[in-house]
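Quick notes on the structure that follows.
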Amino acid sequence: MDQRSDLNNGIYRTVTIYTADGEVIAQYEGVFDIEGNNGGYVLFDYNGKRYTYYNCFVESIAQIE
């Protein structure tokens with residue numbers, strides 16, 4: 001799946017960002033890549049904007065064909 005994502009500039013996915021107590025902060029749907037690290041944040045470009053979320057929980061559901 002990572003190779004497919006690299007070749008196509010992302011894969012179709014739904015990403016939901018949650019607070020520590022489970023409240024939904026934001027939700028995105030479309031073709032994009034997600035970059036995470038051990039520093040406690042997630043980063044992605046979506047519709048021409050760069051989003052960075054710190055200290056949150058991220059659910060990413062990718063469509064695999």
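The figures here come from the full heavy-atom set of this structure, side chains too, leaving out hydrogens, waters and symmetry mates.
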- Task: Under the side chain to side chain donor-acceptor pair (under 3.5 Å) rule, collect the residues that match up with Thr19, sequence neighbours excluded.
- Result: Asp21
- Item | Joint cluster assignment, Leu43 & Ile17, ILVMFWY side-chain distance < 4.5 Å | no
- Query: Does the pair Val58 and Thr16 meet the rule for a side chain to side chain contact (heavy atoms under 4.5 Å, CB included), with working shown?
  - Reply: CA-CA 6 Å; Val58 179; Thr16 307; over 6 Å; no
- Take Phe32 and Asn47, measure what side chain to side chain contact (heavy atoms under 4.5 Å, CB included) needs, and give me the verdict at the end. CA-CA 9 Å; Phe32 53 97; Asn47 285 340; over 6 Å; no
- Please, which pairs that meet salt bridge (charged side-chain N to carboxylate O under 4.0 Å, His left out) have at least one residue in residues 37-63, sequence neighbours excluded? Asp45-Arg50
- Message: The criterion is side chain to side chain donor-acceptor pair (under 3.5 Å); which residues satisfy it with Tyr51, sequence neighbours excluded?
- Response: none
- Note on the structure: Sorted by chain and residue number, the side chain to side chain donor-acceptor pair (under 3.5 Å) partners of Tyr46 (sequence neighbours excluded) come out as none
- Which atom pair, heavy atoms only, marks the closest approach of Phe44 to Ile34? CB-CA, 4.1 Å
- Criterion side chain to side chain contact (heavy atoms under 4.5 Å, CB included) on Gln63 and Thr14, from CA distance to verdict: CA-CA 8 Å; Gln63 182 175 349; Thr14 301; over 6 Å; no
- Message: As an exercise, state the distance from CD1 of Ile61 to OH of Tyr12, rounded to the nearest 0.5 Å.
- Response: 11.5 Å
- Query: Taking the side chain as C-beta and beyond, is there a heavy-atom pair between Asp33 and Arg13 under 4.5 Å?
  - Reply: yes
- When clusters are formed from ILVMFWY side-chain contacts under 4.5 Å, directly or step by step, what else is grouped with Phe57? Tyr18, Val24
